[in-house]
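Step one of this worksheet: look at the structure below.
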Protein chains: 2
Amino acid sequence: MKQTLRPASGLRATASARPTIKDVAARCGVHPSTVSRALSPAMKHLVATEVADRIQAAANAIGYRLNMAAKGLRTGRSGLIGVLAPDIADPGFPPVLSGIADHLNAEGYATIVVDVGSKGSEQDLVDRLIARGVDGLVLATVSLRDDVVKHCLDAALPVVLVNRVDAAGQLPSAASDDAAGMRLAVEHLVALGHKRIGHVAGPQEISTGARRRAGFEASAKDAGLPARHTPVEIAETYTRAAGREAALRLLARRTRPTAIVAANDLLALGVYDALAARGLACPGDVSVVGHNDMPFVDMVSPPLTTVRIAQRDMGEAAARLLLARIAAPGASREHIVLAPELIIRGSTIAREH
Amino acid sequence: MKQTLRPASGLRATASARPTIKDVAARCGVHPSTVSRALSPAMKHLVATEVADRIQAAANAIGYRLNMAAKGLRTGRSGLIGVLAPDIADPGFPPVLSGIADHLNAEGYATIVVDVGSKGSEQDLVDRLIARGVDGLVLATVSLRDDVVKHCLDAALPVVLVNRVDAAGQLPSAASDDAAGMRLAVEHLVALGHKRIGHVAGPQEISTGARRRAGFEASAKDAGLPARHTPVEIAETYTRAAGREAALRLLARRTRPTAIVAANDLLALGVYDALAARGLACPGDVSVVGHNDMPFVDMVSPPLTTVRIAQRDMGEAAARLLLARIAAPGASREHIVLAPELIIRGSTIAREH
DNA sequence: TCTGCATATGCAATCGATTGCAATAACAGA
DNA sequence: TCTGTTATTGCAATCGATTGCATATGCAGA
């Protein structure tokens, strides 16, 4: 264990060196370029079948593996896709990521996921991804600050948004139909006889926050509920604590709502906290609806009625969009909208009245 | 500043082309190698300060960004780390990942996370990562099949395990002290007066499953509980459904346990399901203890008493170990063990007796 | 036998950055 | 003035794979 274990300086001729295309060529008595062709599906037709088979066999024999860095350098495409996430730990994100990654993997791409919250400026993170030569970017970041989007456009980098849209609608996106989701929630409550429905809105600089709020207001209006009976309080972040605070403000109003629609499940859990703090029962005193159907909200007490969004499909759609963009950079910006679904559980109950 | 401002030979001077080291060199009237040195902290001392500053300025001016693929090709190090995860959607994983990624990012590495469950053989996934030239691998995979580990060792690839250990203890690892965690759980229940404690064990081919079970049995024995009063049922997978089945078997025994320790929180939720199915109350009839303290188990009903493990620290430790391995491939294999902590909530209650 | 064309393979440049070595300049000491 | 250092910078090879072009071979048709 304490031998002179430092052969590191300079080269090493041990067997540990990874075989290259040259090794395969030497073993087959052909030129490296022939090996390259034989091993590339697209160019394989240029080399004699017999030779191609021999090369393939030799490659397998010595365990040859393509060096993506070299290939990428030559071809200018890395096969890498960057994903900017607001917070990996957000339970809503993994399904999206999984959808993205699966689709991209199948096409030979690898994904680099970067958690924005943790470190440095978004700008800088994007630059680092560019340095790595990513072929495209999926943005799921919380706050779509213009400069980041602009930065990507400047770099002529294919970009798509997932679970978000940008204000100008410049970029292709895959997202849930926020307005439709809120409509499901509101109409469900109205059908249950609720007439005073509050909304704990998410951050308004995030598209989901703004759009869900707009959806709530539109649906409430369409249901004939006056604005004074459909109060809105904004949570500054998508966290349980912020949801609690906003809900407390809602409950402190003169005419207390009999139901609360939260902009997402985390906020809804915060609403639970607020109700507990005020000694109110859910759904007995106040019904609650969440949004996203994140894992385990069926286990909380009471099980949360929520709007399920198609997270995995969303990721997959985003991946598809991105690949299309990469193939044809000028392609029209498409906005894929996924239909949400209402999952009724125990947190909503009819209002006898 | 010479006259030969060669108009980019064949290429068009569109803004879309990423500037290279050559462009910077041309702009400064120096050789590309000088630019390389000026821009590399380690080699900067070789170039005159005045020139270095000029180069730096020019690089900023035209927005030069290092091409990692090219650098990696030349230096043989990609700055990429692969992370093999059993399932990104497992709520226990993100904190670990976050710990890994943060630490590695700070050192200039990027991480490629691969979800094993979704696609293809683990073997193949590892090969793809190797093709990408990863400098090291973090394995958090469910089943440590020997061949994968061997495969990595064959490739002379630095590898560390996280939240797992391999049977032979060959590889460095960062994991929670499973035995200590079970001891906390058992002693807590014993202190509450429980005398018949069951265990819903995890898959035995996974280190956490086997070690937690061993820890349970050792602690039970030390507490003076006879084996017939401390039955064990194995769940084949770490899922809620499997936990339910195992718990049902436990409850069907002649002498029903008054408390159940589950090998993880997901299984514990399955235990809740089983209790509900049998019309038993928790904690009234049966107390339940989980393991991992995954997000939101404090929100379920009743809030779950569980063993919290230091997931983020675990990820960070794994990253540290890996970097050490990369720096000194022969380094001794270290096993970092993190202390767990018991979080007492509402699912455990004293046994009056 | 010669021409023509297709097929199969070799050759060499190239992608962008790094680095050992060589070359030059600047300067000190004698 | 000559020699020996040292500080800078240029040169060119290199990493591994790809690809346009040139070459060689084979075969068919005239």
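Lettering of chains follows the sequences in order, A, B, ..., and the numbering in each one begins at 1. The structure presented is a predicted model; accordingly, all values stated were derived computationally and were not measured.
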(request) At under 4.0 Å between heavy atoms, which parts of nucleotides 6-16 of chain D does protein reach? Answer with one letter per nucleotide, 5' to 3': B base, S sugar-phosphate only, - none. (result) --SBBBBBBBB
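Across all non-hydrogen atoms, the minimal contact from B:M68 to A:R132 is CE-NH2, 3.2 Å. The minimum heavy-atom distance linking B:H335 with B:L171 is given by the pair CE1-O, 3.0 Å.
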(request) Verify side-chain contact (heavy atoms from CB on, under 4.5 Å) between A:Q56 and A:Y64, making sure each step is shown before the conclusion. (result) CA-CA 9 Å; A:Q56 185 65 259; A:Y64 166 77; over 6 Å; no
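Remark: B:P158 engages B:L322, B:R325, B:I326 in a side chain to side chain contact (heavy atoms under 4.5 Å, CB included) (not counting sequence neighbours). For B:R54, the salt bridge (Lys or Arg N to Asp or Glu O under 4.0 Å) criterion is met by B:E50, not counting sequence neighbours.
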